[in-house]
Protein chains: 2
Amino acid sequence: MVRTYSPEKTRQALLKAAFEQIWKQGYEAVSLDDILKASEVTKGALYHHFGSKQALGYAVVDEVLCAEVRERWLEPLDTFDNPIEGLIQILSEMRKACHEKESYCGCPLNNLSQEMSNKDEGFRERLQAIYVLWIDGFAAALKRGQKNGTVKASVNPWAAASFIVSSLEGISGLIKNTRSVEVQEACAAGFFAYLESLKA
Amino acid sequence: MVRTYSPEKTRQALLKAAFEQIWKQGYEAVSLDDILKASEVTKGALYHHFGSKQALGYAVVDEVLCAEVRERWLEPLDTFDNPIEGLIQILSEMRKACHEKESYCGCPLNNLSQEMSNKDEGFRERLQAIYVLWIDGFAAALKRGQKNGTVKASVNPWAAASFIVSSLEGISGLIKNTRSVEVQEACAAGFFAYLESLKA
DNA sequence: CTAAACATACCAACCAGTATGAATGTTTTG
DNA sequence: CAAAACATTCATACTGGTTGGTATGTTTAG
């Protein structure tokens, strides 16, 4: 029985499994055994890398969720001159991808936020930081759009960014429950109409 | 020690306590003991009225949440000729009321929906029925507005109603986490701007 | 007297966390 | 260079507390 230590690998395996299980089951509903099973790691290893379930949860927010927002929203948006068009395109891509998978799991950030923000101040603070990152990123993109003339000058970038994020979360939440393509199309239509109203 | 039986009263006490505790803590996080303590009912009585925790949860959705949507949204909206103005007024009233209480608990429907819709199909179906009730109610009000000339004829009532509900849930969810008045004002501004665009 | 309405004590399952030890890497030292 | 000393990384068995649910008995009402 030969064993080789690779602590960073097991740490990442734990984070990944924890993220997925928390996404699908919720933080409190998921048991450490679930995470250990999914990651093929033992309890001793888990408690070597993370002091508690809470610490693991915090790390998921700080490391996984944070990266997710950057990779899925902020970085793609940076490649567009017109942030409104960028948003519409990113969303369209996502809808295509969602149709393929069974993914009615909702937004991981929204899920965790709704569950934990009133129960654990540490979670709330960390999740809020992600929201700030997200909103500020969108606001910066809108400002950029105002400078290059693709976004109305009268728009308040930060306020619009806040409403955009809240809409995205609201839509994903409603779809998660209804599982209805019609509702999805309806929400998208309303949302796109709002986005169009921001164009210069 | 004189005792008097009033089964309907204890049933309602259980429903009320369950609703509040589920709202504040979440369905899985709340223990039956919490509900029993809050309602001052014993476990024997609970299991006399409800076959299981699940049955109690279902009843909360069917009876309490359903009534809540009617009383807080649909009935008030029926008193307005202009449904857009009606929505804006109802929301403004709510915001005032929210400032007084500490209420950062979010929307009870949204909370439960995010937590349970992927774990328990019975919950999902029941919660979806509430969403349908809500959206259809809004859609009917918009149609009414179209007939009396307060809402643009080009608006698709059902699609707009879907987006409005998703926005309300999204905003309440974001505020629940950020607890920021600025974010609240920003989202409200964006939302009201959308509502105005529906006016004839 | 019967059935509904409640009260109390208990139980099996689960779960986060711990105690303990073994296997592997790294550093120090003779 | 070797080997001992030490630290890191992981594995297993166990525990105390909680929870949904049940068994059983008691009280009230018709």
Side-chain angles (χ1 to χ4, degrees), chain A residues 1-61 63 112 115-116 119-123, chain B residues 1-61 63 112 115-116 119-123:
Chain A
M1 194 66 173
V2 186
R3 221 167 31 172
T4 169
Y5 288 164
S6 41
E8 192 52 31
K9 223 172 177 177
T10 48
R11 209 189 108 95
Q12 292 304 323
L14 281 168
L15 282 174
K16 189 187 167 199
F19 166 72
E20 278 175 13
Q21 296 301 311
I22 290 173
W23 184 16
K24 287 174 186 163
Q25 302 188 43
Y27 172 78
E28 296 205 279
V30 78
S31 73
L32 291 182
D33 285 339
D34 290 333
I35 294 171
L36 296 176
K37 203 173 175 184
S39 59
E40 291 182 315
V41 169
T42 61
K43 197 166 267 195
L46 189 154
Y47 274 93
H48 172 74
H49 287 281
F50 301 96
S52 63
K53 186 186 182 184
Q54 190 189 47
L56 175 59
Y58 285 2
V60 165
V61 178
E63 301 179 38
L112 193 53
E115 180 186 359
M116 297 307 296
K119 287 189 220 164
D120 186 308
E121 183 62 15
F123 266 111
Chain B
M1 194 66 174
V2 186
R3 217 167 34 168
T4 168
Y5 287 167
S6 41
E8 193 52 31
K9 222 172 176 177
T10 49
R11 208 188 110 95
Q12 291 304 323
L14 281 167
L15 282 174
K16 189 186 167 200
F19 166 73
E20 277 174 15
Q21 296 301 312
I22 290 173
W23 184 16
K24 287 174 186 162
Q25 303 186 44
Y27 172 77
E28 295 205 279
V30 78
S31 74
L32 292 182
D33 285 340
D34 290 333
I35 295 172
L36 296 176
K37 202 174 178 183
S39 59
E40 291 182 315
V41 169
T42 61
K43 196 167 269 195
L46 189 155
Y47 274 92
H48 173 72
H49 287 281
F50 301 96
S52 63
K53 185 185 183 185
Q54 191 188 47
L56 176 58
Y58 285 2
V60 165
V61 178
E63 301 179 37
L112 193 52
E115 180 187 359
M116 297 307 295
K119 287 188 219 164
D120 187 308
E121 184 61 14
F123 267 110

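Quick note on labels: first sequence line is chain A, next is B, and so on, each numbered from 1. Note that the structure is predicted; figures quoted are calculated from it, not measured. All heavy atoms count here, side chains included; hydrogens, waters and symmetry mates do not.
- For the pair B:Leu46 CG and D:dT22 P, the computed distance is 12 Å after rounding to whole Å.
- A donor-acceptor contact shorter than 3.5 Å is absent between the side chain of B:Lys53 and the backbone of B:Ser31.
- Note: CD1 (B:Ile35) to C1' (D:dG21) measures 14 Å, nearest angstrom.
- Counting to the nearest Å, the C1' atom of C:dG17 and the CG atom of A:Leu36 are 12 Å from each other.
- A distance-only check finds a donor-acceptor pair linking the side chain of B:Glu115 to the backbone of B:Glu28 [under 3.5 Å].
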Under 3.5 Å, side-chain donor or acceptor atoms of residues 12-20 of chain A against the rest of the protein: list the pairs with distances, not counting sequence neighbours.
from: A:Gln12; atom 1: NE2; to: A:Glu8; atom 2: OE2; distance (Å): 3.0

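- The side chain of B:His48 contributes no N or O atom lying less than 4.0 Å from OP1 or OP2 of C:dC6.
- Within a 6.0 Å radius of CD in A:Glu121, other residues, nucleotides and ligands contribute more than 12 heavy atoms.
- Residue A:Tyr5 places no side-chain atom within donor-acceptor reach of the base of C:dT24, judged by atom type and a 3.5 Å distance cut-off alone.
- One distance of note links CD1 of B:Ile35 with NZ of B:Lys43; it measures 10.5 Å at 0.5 Å rounding.
- To the nearest angstrom, C1' of C:dA4 lies 9 Å from NE2 of B:His49.
- Note that OH of A:Tyr27 is 13.5 Å distant from CD of A:Gln25, once rounded to the nearest 0.5 Å.
- The distance from atom CG of B:Asp120 to atom CG of B:Leu112, rounded to the nearest 0.5 Å, is 9.5 Å.
- Scanning residues 9-21 of chain A for heavy-atom distances under 4.0 Å to DNA chain C yields an empty list.
- Taking only side-chain nitrogens and oxygens, A:Thr4 never comes nearer than 4.0 Å to OP1 or OP2 of D:dT9.
- Under the 4.5 Å side-chain criterion, counting only non-hydrogen atoms from C-beta, A:Tyr47 is in contact with A:Leu32.
- Summarising the geometry, the separation between NZ on B:Lys37 and P on D:dT19 is reported as 11 Å, rounded to the nearest angstrom.
- What separates CD of B:Glu8 from C1' of C:dC6 is a distance of 16 Å, to the nearest Å.
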What string of B, S and - do you get for nucleotides 9-16 of chain C, 5' to 3', when a contact is any protein heavy atom under 4.0 Å?
------SB
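- Few gaps surround NZ on A:Lys119; more than 12 heavy atoms of other groups in view lie less than 6.0 Å from it.
- Rounded to whole Å, atom P of D:dC10 lies 11 Å from atom CZ of A:Phe50.
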